[in-house]
Amino acid sequence: MAGMAGRMSTVIKAKVSKLLDRAEDPGETLDYSYQKQLEALQNVKKGIADVVTAKKRLGMQASKLEQSVVKLDTQARQALAAGNEELARTALERKQFAQTELQSLDQQVAELQSQQDKLIESEKRLRTKIEAFRTKKEVIKAQYSAAEAQVRISEAATGVGEEMADVGLAMQRAVDKTENMKARASAVEELEAAGTFEDLTQLGEGQDDIDRQLAQLGAGGMVDDELSRMKAELGMGAPATAPAEIEAGEPGEPGEAKA
Amino acid sequence: MIVRIMGEGQYRLSDDAVARVNDLDNAAVAAVDADDEDAFHEAFEELLDAIRTGGEHLGDEELESSDVIVPPADTSFAEAAGEFSGDGLIPD
């Protein structure tokens with residue numbers, strides 16, 4: 001069949017076969033291979049639990065950020081009403097940043113949900129196959145001589161092994177994604193700890209590190225727009241200092257570039 | 001022949017259907033070689049579709065090995081490209 005198969009599937013098939021060969025121990029008894037299948041199933045369950053945990057953590061972070069967005073908005077209004085435009089601008093910059101992070105978090109949570117759904121499907125498929133293997137093994141043992149049974153059960157075990165390799169890969173990819181998200185979640189937590197979304201009372205003269213970072217995010221145009229809007233809402237009229245030539249672009253999608 | 005879509009399960013395909021799958025498979029690889037991401041996704045989608053609609057889904061309780069294995073539906077272009085430089089979905 002090798003000459004007929006497509007290049008991609010040939011490579012994949014060869015790799016899966018290699019994985020199976022590596023996993024195979026000629027000395028192992030057939031009952032042991034059932035034992036190993038059950039262990040693989042436990043691993044999948046653990047993998048699903050890890051994804052659920054990561055999803056919960058991101059979800060909690062998202063709700064904290066949601067609160068920050070509301071809080072910073074309020075602070076911006078208060079600052080503006082008190083005539084402190086500089087402080088209002090800072091609050092809005094931070095709000096913008098929190099919103100961008102929030103969008104990206106929401107997307108990650110959705111991605112983890114889809115990973116979780118897929119893993120649950122895979123777990124179910126593997127569980128069914130293992131159960132079928134257990135039954136078939138007993139039937140074969142009862143019907144054939146020991147040597148013949150050995151061959152037939154090995155064949156069936158290969159079918160389960162392929163499923164295990166498949167699920168194993170799906171889990172590995174889920175774990176990799178979760179790790180990436182964990183790293184990002186930690187980065188956001190550090191920013192939170194540094195007071196990026198909360199602490200406006202400690203702002204001294206000039207810009208601190210966080211402000212410089214925020215400025216680099218290039219949210220300036222959108223912040224100016226929002227500041228103008230807020231001023232209008234507060235009945236402060238059109239700002240005389242409003243920058244005329246800012247290209248606001250699409251105000252609705254600040255998170256796109258970061259997602 | 002039995003074809004597995006990783007992460008989805010196995011399908012039983014006629015030889016004709018397999019020939020079509022292999023053509024699309026090669027088209028997907030050609031797209032990777034040409035560094036054409038859109039063409040890759042197009043060919044790969046079509047490939048998966050040909051398996052899903054052209055084959056008969058195997059029950060989960062069947063214990064057959066696959067003759068052909070194709071990567072999961074959410075394979076990225078980068079992953080597909082890596083597959084042929086020794087650093088893809090499945091490490092060498």
(request) Select one option (side chain, backbone, both, neither) describing which atoms of A/Ala156 are under 4.5 Å from chain B's heavy atoms. (result) both

(message) Restricting to non-hydrogen atoms, name the atom on A/Ser122 and the atom on B/Gly7 that form the minimum distance, rounded to 0.1 Å.
(response) OG-O, 4.4 Å

(request) Over all heavy atoms of both residues, which pair between B/Met6 and A/Asp166 is shortest? Give the atoms and the distance, please. (result) CA-OD2, 3.3 Å

(message) For the backbone of B/Asn22 and the side chain of A/Arg7, can you confirm whether one donor and one acceptor N or O come within less than 3.5 Å of each other?
(response)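 Checked: no pair found.
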
(request) Would you check if the side chain of A/Lys129 reaches a backbone N or O of B/Leu63 as a donor-acceptor pair within less than 3.5 Å? (result) no

Is the closest basic N to carboxylate O distance between [X] and [Y] below 4.0 Å?
{"X": "A/Lys13", "Y": "B/Asp67", "result": "no"}
{"X": "B/Glu61", "Y": "A/Lys136", "result": "no"}
{"X": "A/Arg127", "Y": "B/Asp60", "result": "no"}

(message) Let's test your reading of the structure: which of B/Ala27, B/Ser66, B/Gly9, B/Ala28 forms the most heavy-atom pairs below 4.5 Å with chain A?
(response) B/Ser66

(request) Among B/Glu8, B/Arg4, B/Gln10, B/Glu62, single out the residue with the greatest number of heavy-atom pairs under 4.5 Å to chain A. (result) B/Arg4

(request) Counting only heavy atoms closer than 4.5 Å, note whether B/Leu47 contacts chain A via side chain, backbone, both or neither. (result)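 Only the side chain of B/Leu47 comes within 4.5 Å of chain A.
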
(request) Check whether B/Ile5 gets within reach of chain A through its side chain, its backbone, both or neither, counting any heavy atom under 4.5 Å. (result) backbone

(message) What's the separation between atom CD1 in B/Ile51 and atom OG in A/Ser9, rounded to the nearest 0.5 Å?
(response) 8.0 Å

(request) Return the option, out of A/Glu162, A/Glu163, A/Glu121, with the maximum number of heavy-atom pairs under 4.5 Å with chain B. (result) A/Glu162

(message) A/Thr158 vs B/Glu64, test: side-chain contact (heavy atoms from CB on, under 4.5 Å). Steps then yes/no.
(response) CA-CA 8 Å; A/Thr158 308; B/Glu64 308 232 26; over 6 Å; no

(request) Taking the side chain as every heavy atom from C-beta outward, state whether A/Met8 and B/Val32 have any pair of such atoms under 4.5 Å apart. (result)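 Counting from C-beta outward, A/Met8 and B/Val32 never come under 4.5 Å.
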
